[in-house]
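Naming convention: chains lettered A, B, ... in sequence-line order (proteins, then strands); numbering from 1 in each chain. Note that this is a predicted model, so its numbers are computed, not measured.
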Protein chains: 2
Amino acid sequence: MARPREFDEEHVLEAVMERFWTAGFERTSAQDLVDATGLGRGSLYAAYASKEGLFEQALLRYRKRARAHVDKLDAEPSAIKALRILMTDVVDADLPRPHPRGCLATNSAIEMAAHNPRIAELVRENFGILRRGIEGTMRRGQATGELSSNRDAAALAMFVFTAIQGLRVMARALKADDRQSLFSVIEQTLLALR
Amino acid sequence: MARPREFDEEHVLEAVMERFWTAGFERTSAQDLVDATGLGRGSLYAAYASKEGLFEQALLRYRKRARAHVDKLDAEPSAIKALRILMTDVVDADLPRPHPRGCLATNSAIEMAAHNPRIAELVRENFGILRRGIEGTMRRGQATGELSSNRDAAALAMFVFTAIQGLRVMARALKADDRQSLFSVIEQTLLALR
DNA sequence: CCGATTATGGAACGATCATTCCAGAGGAGT
DNA sequence: ACTCCTCTGGAATGATCGTTCCATAATCGG
């Protein structure tokens with residue numbers, strides 16, 4: 001051991017994630033990352049090897065968001081209410097002004113998954129966290145009688161999860177005044193669970 | 001008038017669209033487009049001004065796909081069957097080997113919409129063609145009594161359309177053996193219309 | 001058949017890209 | 001206090017980016 005690191009890894013990765021999230025991988029340059037983190041090029045490359053390595057770290061960090069969503073799901077007793085809160089949160093989180101940033105995992109699925117197997121795997125892992133959380137909520141709702149028990153919980157969870165991916169795409173493409181139609185989609189999705 | 005064009009615009013734009021579709025805007029270089037079309041740089045830029053101009057043309061051309069989907073919807077008498085065919089077609093079309101390419105409009109919504117208003121508008125136009133087609137099918141189903149008439153056809157159409165966007169995201173991220181789960185999502189979506 | 005005008009495509013451009021290098025700085029172990 | 005070893009950050013590198021230039025070719029109207 002010799003000289004210790006001077007930078008705060010939490011802060012650096014947060015800034016990196018933010019940049020990749022709004023601009024995407026290709027539109028974010030190494031210079032952008034230097035500016036965003038305040039580190040020198042040498043330090044950045046010594047610690048994370050490459051731009052792709054940095055992106056992987058950002059995606060790993062993004063898992064916390066998925067886990068937070070799952071925690072919030074588990075905190076609400078009513079399954080339907082929990083799923084409504086989840087989807088409303090997703091729409092609200094993906095639509096900040098001035099530019100909607102969508103979901104980092106969804107964006108990465110489109111932009112990177114076909115070109116980088118490592119990233120594709122991380123995206124699927126991110127997806128899995130939320131999908132399994134939804135499935136748990138679904139089973140809970142079936143146990144309490146809130147949801148019909150004669151339907152496949154895993155299939156229903158995949159259905160809701162896919163709807164969320166659709167909402168995230170629409171959030172990135174629609175104008176702000178179409179926001180209301182996304183909430184209508186949420187209600188139609190919840191209606192389908194009864 | 002002087003020397004006429006030697007290249008076939010149809011062929012050129014088809015090749016350009018194909019390239020942007022699989023690789024995305026940023027991962028497609030001007031050199032890639034020169035190679036794909038067989039034209040020289042000068043010819044390409046004289047005809048289309050810029051890489052973005054070329055992308056716009058590709059997206060304009062892509063509308064034909066959306067229109068073909070709508071035509072197929074209109075050809076099937078049963079609304080439910082028509083929508084099942086549509087969604088199955090979408091999943092099949094988005095998942096060719098070796099790399100799933102998804103949907104050009106969906107990919108562009110994620111990659112470009114926040115950065116380029118012109119592209120964002122073309123994406124919304126593409127979306128609108130299919131969404132309105134679905135809405136028409138929905139009304140038809142209500143008229144024949146196949147679908148319940150006491151639900152909002154526009155809201156149902158938006159719901160199905162958003163589900164399709166979700167399917168397109170999943171198609172780009174999932175492994176080939178998860179294909180079956182996408183068909184399960186299709187059935188859950190159709191079930192919600194009854 | 002002859003200017004006028006446009007298409008052609010490869011060479012050339014400056015900018016920017018991701019990455020590497022390196023000289024200096026600074027704690028850790030002895 | 002001295003020697004490692006690592007961190008640091010700006011300079012440098014070669015590649016590639018999108019775009020422009022330009023000499024040549026080809027077709028038009030007259």
Side-chain angles (χ1 to χ4, degrees), chain A residues 1-59 107-108 111-112 114-119 122, chain B residues 1-59 107-108 111-112 114-119 122:
Chain A
M1 282 300 131
R3 180 176 173 185
R5 280 197 180 147
E6 285 177 13
F7 66 85
D8 173 24
E9 181 148 37
E10 286 285 307
H11 174 266
V12 164
L13 287 182
E14 187 69 25
V16 166
M17 183 185 75
E18 210 70 39
R19 205 74 187 69
F20 280 136
W21 194 348
T22 52
F25 181 78
E26 294 291 344
R27 298 187 110 98
T28 301
S29 69
Q31 186 58 49
D32 287 335
L33 297 172
V34 166
D35 294 343
T37 60
L39 271 67
R41 277 173 236 282
S43 308
L44 223 42
Y45 274 83
Y48 302 101
S50 69
K51 203 178 122 180
E52 299 213 342
L54 225 22
F55 192 86
E56 283 182 35
Q57 292 299 316
L59 214 38
N107 299 350
S108 305
E111 193 188 356
M112 316 256 315
H115 308 282
N116 185 325
R118 298 262 297 279
I119 301 292
L122 288 177
Chain B
M1 285 298 130
R3 181 176 172 183
R5 285 201 177 141
E6 283 177 13
F7 66 86
D8 173 23
E9 180 147 39
E10 286 285 306
H11 173 267
V12 164
L13 287 182
E14 187 70 24
V16 166
M17 182 185 75
E18 210 71 40
R19 204 74 188 71
F20 280 136
W21 194 347
T22 54
F25 181 78
E26 293 291 343
R27 297 188 110 98
T28 301
S29 68
Q31 186 59 49
D32 287 334
L33 296 172
V34 166
D35 295 344
T37 60
L39 270 68
R41 279 175 232 281
S43 309
L44 222 42
Y45 274 83
Y48 302 101
S50 70
K51 205 178 119 179
E52 300 214 342
L54 225 21
F55 192 86
E56 283 182 37
Q57 291 299 317
L59 213 40
N107 299 350
S108 306
E111 193 189 356
M112 316 255 316
H115 307 282
N116 185 326
R118 297 263 298 279
I119 301 293
L122 288 177

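For A:Tyr48 and D:dT8, the OH to P distance is 10 Å, given to the nearest whole Å. Here C:dG26 presents its P atom at 17 Å from CZ of A:Phe7, a figure rounded to the nearest Å. Rounded to whole angstrom, the span from the CG atom of B:Leu33 across to the P atom of D:dC17 amounts to 11 Å. Distance B:Arg5 CZ to C:dT6 P: 12 Å, rounded to the nearest Å. For the pair B:Leu44 CG and D:dT20 C1', the interatomic distance rounds to 14 Å; values are reported in whole Å. In this structure, CD of A:Glu26 is placed 14 Å from P of D:dT16, rounded to the nearest angstrom.
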Check the interface with nucleotides 23-26 of chain D: list each N/O to N/O pair with the protein under 3.5 Å, or write none.
residue, atom, partner, partner atom, Å
D:dA25, N3, B:Arg3, NH1, 2.7
D:dA26, O4', B:Arg3, NE, 3.4

Nucleotide N/O to protein N/O under 3.5 Å, stretch nucleotides 19-21 of chain C:
residue, atom, partner, partner atom, Å
C:dT19, OP2, A:Tyr45, OH, 2.7
C:dT19, OP2, A:Lys51, N, 3.0

| said: Evaluate B:Leu13 against B:Thr37 for side-chain contact (heavy atoms from CB on, under 4.5 Å), listing each step before the verdict. | reply: CA-CA 8 Å; B:Leu13 287 182; B:Thr37 60; over 6 Å; no

- Task: Might you work through the side-chain contact (heavy atoms from CB on, under 4.5 Å) test for A:Phe20 and A:Leu33, ending with a clear yes or no?
- Result: CA-CA 9 Å; A:Phe20 280 136; A:Leu33 297 172; 3.9 Å; yes

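Across residues 11-21 of chain A, not one residue has a non-hydrogen atom less than 4.0 Å from an atom of DNA chain C.
Between A:Gln57 and A:Val16 there is no side-chain heavy-atom pair separated by less than 4.5 Å.
In terms of modelled atom types and a separation under 3.5 Å, the side chain of A:Glu111 and the main chain of A:Glu26 share a donor-acceptor contact.
A:Pro117 and A:His115 get closest at one heavy-atom pair: CD-O, 4.0 Å.
For the side chain to side chain donor-acceptor pair (under 3.5 Å) test, no residue two or more places apart in sequence or in another chain qualifies with B:Tyr45. With sequence neighbours left out, the side chain to side chain donor-acceptor pair (under 3.5 Å) criterion links B:Glu56 to B:Arg118. Every residue two or more places apart in sequence or in another chain was checked for a ring-ring contact (aromatic ring centres under 6.0 Å, His included) with A:Tyr48, and none qualifies. Scored by the side-chain contact (heavy atoms from CB on, under 4.5 Å) test, B:Ala47 finds B:Arg5, B:Phe7 as partners (sequence neighbours excluded). For A:Glu14, the side-chain contact (heavy atoms from CB on, under 4.5 Å) partners at least two apart in sequence or on another chain are A:Met17, A:Glu18, A:Arg61, A:Arg65.
Here A:Thr37 lies out of heavy-atom contact (under 4.0 Å) with every strand.
In the set D:dG18, C:dC17, C:dT8, C:dC17 carries the atom at the smallest distance from any side-chain atom of A:Ser29.
Within the structure, every pair that satisfies the salt bridge (Lys or Arg N to Asp or Glu O under 4.0 Å) test and touches residues 29-51 of chain A, not counting sequence neighbours, is listed here: A:Arg19-A:Asp32.
Mapped onto DNA chain C by nearest heavy atom, B:Gly38 and A:Thr28 fall at different nucleotides, with B:Gly38 at the one closer to the 5' end.
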